[in-house]
Visitor: 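Before I ask anything, let me first share the structure, which is written out below as structure tokens.
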Amino acid sequence: MAEWIIDLFNITDPKLVKDISEQVPYLLNNLGFAAWETIYSTVLATLFAYLIGLPLGVLLVAGAPDGVRPLPGPLMKALNVVINLLRSVPFLILMVVVFPLARVIVGTSIGTNASIVPLTIAAFPFVARLVEGSLREMDRGTVEAAQAMGCTPVQIIWKVILPESLPSLLTGFTTAFITILGYGAMSGAIGGGGLGNMALNRGHTRNMRIVLYVAVIALVVLVQIFQSIGTHFATRLDKRLTTAKARKGALRSRSRQVRKD
């Protein structure tokens, strides 16, 4: 396939043959693995970020003064300050700062596995805020009804708040996943692997423009795929949209029946 592409450009623009003869084989041999590295690091970093950020987001809502289990004010203020401080540090700077921790956990500060540590630390405060926003969107009356029935705070969180907020949580998960995917691409500038490393170290540094453009297009395609998947499942789980569709269907059937009569 590489020879066919080179022959095609040899006919249309012979000046590009030298660059293409080097870049196209490299892409064919490495693009699939680079895409796999990007997905691998993004999936793991997102899961680890949610293992930390989801409980923190629930704590921010449940422990608020109007929450189901209010916590001491100084504790909540300290928690908010820590989350805001971590969110305010640019990712590339945070990644450099976290290098020693990545070396302790993974054994190295370079490569795909090493990038998962700073990706997780950079993402979990963002995830905590996304979860907090999703939970605060829920109708307060539902929580009050659960409290009136004698449900404990734990029951309200696990059986009322989280299930009712699931569509919004899934939308937030998609947003977090795509954000971490972008972070992972930036990590290629300082030792991370995947498509970001291909685009920056091969495409930009070595002036391999075809590699650069193909890597960028691959990142865009991945974002579109995961965004579509997340939106699809969030829509399927949203009871409001399901109810609205059911009502429209009922109205249409009634109007058809009236026309027949």
Visitor: Would you give the length of the straight line joining atom CG of L222 to atom CD1 of I217, rounded to the nearest 0.5 angstrom?
Guide: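 With rounding to 0.5 Å, CG (L222) is 12.0 Å from CD1 (I217).
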Visitor: Which atom names give the shortest non-hydrogen contact between I156 and A146, and what distance separates them?
Guide: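 Minimum heavy-atom separation between I156 and A146: CG1-CB, 4.0 Å.
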Visitor: Does some side-chain heavy atom of T42 sit less than 4.5 Å from a side-chain heavy atom of F226?
Guide: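 In short, these two side chains do not touch, never coming nearer than 4.5 Å.
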Visitor: What is the distance from atom CZ of R136 to atom CG of L60, rounded to the nearest 0.5 Å?
Guide: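 Here the rounded value is 7.5 Å.
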Visitor: Looking at every non-hydrogen atom in both residues, tell me the closest pair between M76 and L59 and how far apart they are.
Guide: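 Closest approach of M76 to L59: CE-O, 3.6 Å.
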Visitor: Going through the checks in order, is the side-chain contact (heavy atoms from CB on, under 4.5 Å) test met by L75 and L79?
Guide: CA-CA 6 Å; L75 176 62; L79 181 61; 5.7 Å; no
Visitor: Check the pair S228, Q224 against side chain to side chain donor-acceptor pair (under 3.5 Å), reporting the backbone distance first and the verdict last.
Guide: CA-CA 6 Å; S228 300; Q224 294 300 320; 5.2 Å; no
Visitor: Answer yes or no: is there a donor N or O on one side and an acceptor on the other, between the side chain of S115 and the main chain of T112, under 3.5 Å?
Guide: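 Checked: pair present.
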Visitor: Enter the distance from S134:OG to L162:CG here, rounded to the nearest 0.5 Å.
Guide: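 If we round to the nearest 0.5 Å, S134:OG and L162:CG are 10.5 Å apart.
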Visitor: Would L200 and L195 show up in the same hydrophobic cluster when neighbours are defined by side-chain heavy atoms closer than 4.5 Å?
Guide: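 Hydrophobic grouping puts L200 apart from L195.
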Visitor: If you measure from CZ on F177 to CG on L170, what distance do you get to the nearest 0.5 Å?
Guide: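 Answer rounded to 0.5 Å: 12.0 Å.
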Visitor: Which pair of heavy atoms, one from G184 and one from L119, lies closest together, and at what distance?
Guide: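 G184 and L119 have their closest heavy atoms at N-CD2, 3.6 Å.
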Visitor: Quick one: do L54 and V154 end up in the same hydrophobic cluster if we chain Ile, Leu, Val, Met, Phe, Trp and Tyr together by side-chain heavy atoms under 4.5 Å apart?
Guide: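 Linked within one cluster.
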Visitor: Can you tell me how far apart CG (L86) and CG (L94) are? Round to the nearest 0.5 Å.
Guide: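 Answer rounded to 0.5 Å: 7.0 Å.
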Visitor: Can you tell me how far the CG atom of L31 sits from the CH2 atom of W36, to the nearest 0.5 Å?
Guide: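 So the gap between those two atoms works out to 15.0 Å.
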Visitor: Would you say the side-chain atoms of T142 pair up with the backbone N or O of M138, donor to acceptor, closer than 3.5 Å?
Guide: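 Answer holds: no.
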Visitor: Following the transitive rule for hydrophobic clusters with a side-chain heavy-atom cut-off under 4.5 Å over Ile, Leu, Val, Met, Phe, Trp and Tyr, establish whether V58 and W158 coincide in one cluster.
Guide: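 In one cluster: yes.
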Visitor: Under a 3.5 Å distance rule, please check whether Q155 uses its side chain to pair with a backbone N or O of T152 as donor and acceptor.
Guide: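 Yes, the answer is positive, given that a donor and an acceptor are paired below the 3.5 Å cut-off.
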Visitor: Contact between P163 and L166 at the side-chain level, heavy atoms closer than 4.5 Å - yes or no?
Guide: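 No, their side chains stay 4.5 Å or more apart.
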Visitor: Can a donor-acceptor pair be found between the side chains of S41 and E37 at a distance below 3.5 Å?
Guide: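 There is no such pair (donor and acceptor under 3.5 Å, judged by atom type) between the side chains of S41 and E37.
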Visitor: Go through the side-chain N and O atoms of N84 and R129 and say whether any donor and acceptor fall under 3.5 Å apart.
Guide: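 There is such a pair (donor and acceptor under 3.5 Å, judged by atom type) between the side chains of N84 and R129.
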Visitor: Kindly work out whether a path of hydrophobic side-chain contacts (I/L/V/M/F/W/Y, heavy atoms less than 4.5 Å apart) joins L71 to I83.
Guide: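 Yes.
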Visitor: List the atom of V68, the atom of P153, and the distance in Å for their closest heavy-atom pair.
Guide: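 Closest approach of V68 to P153: O-CG, 3.7 Å.
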Visitor: I want to check something: taking the side chain as every heavy atom from C-beta on, are M198 and L27 in contact at a cut-off of under 4.5 Å?
Guide: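 Side chain of M198 against side chain of L27, heavy atoms only: contact under 4.5 Å found.
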Visitor: With a sphere of 6.0 Å drawn around CZ of R103, does it hold more than 12 non-hydrogen atoms of other residues, nucleotides or ligands?
Guide: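 Enclosed.
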Visitor: Where is the tightest heavy-atom contact between A49 and I180, given as atom of each residue plus distance?
Guide: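 For A49 versus I180, the nearest heavy atoms are CB-CD1, 4.5 Å.
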Visitor: Quick one, N30 and F33 - any side-chain contact, counting heavy atoms below 4.5 Å?
Guide: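 Of all side-chain heavy-atom pairs linking F33 with N30, none is under 4.5 Å.
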Visitor: Minimum heavy-atom separation for A176 to Y50, with atom names?
Guide: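 Taking every non-hydrogen atom into account, CB-CE1, 4.0 Å.
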Visitor: Using atom types as modelled and distance alone, determine if a side-chain donor or acceptor of S88 lies under 3.5 Å from a backbone N or O of L85.
Guide: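 Yes; at least one donor-acceptor contact below 3.5 Å.
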Visitor: Taking atom CZ of F99 as the centre, does the number of heavy atoms from other residues, nucleotides or ligands within less than 6.0 Å exceed 12?
Guide: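 Result for CZ/F99: enclosed.
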Visitor: Taking F91 as the starting point, is it possible to reach F126 by hopping between hydrophobic residues whose side chains are less than 4.5 Å apart?
Guide: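 As far as the 4.5 Å side-chain criterion goes, F91 and F126 are not connected within one cluster.
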Visitor: For Y40 and I116: C-alpha separation, side-chain torsions, deciding distance, then whether side-chain contact (heavy atoms from CB on, under 4.5 Å) applies.
Guide: CA-CA 9 Å; Y40 164 78; I116 294 174; 4.1 Å; yes
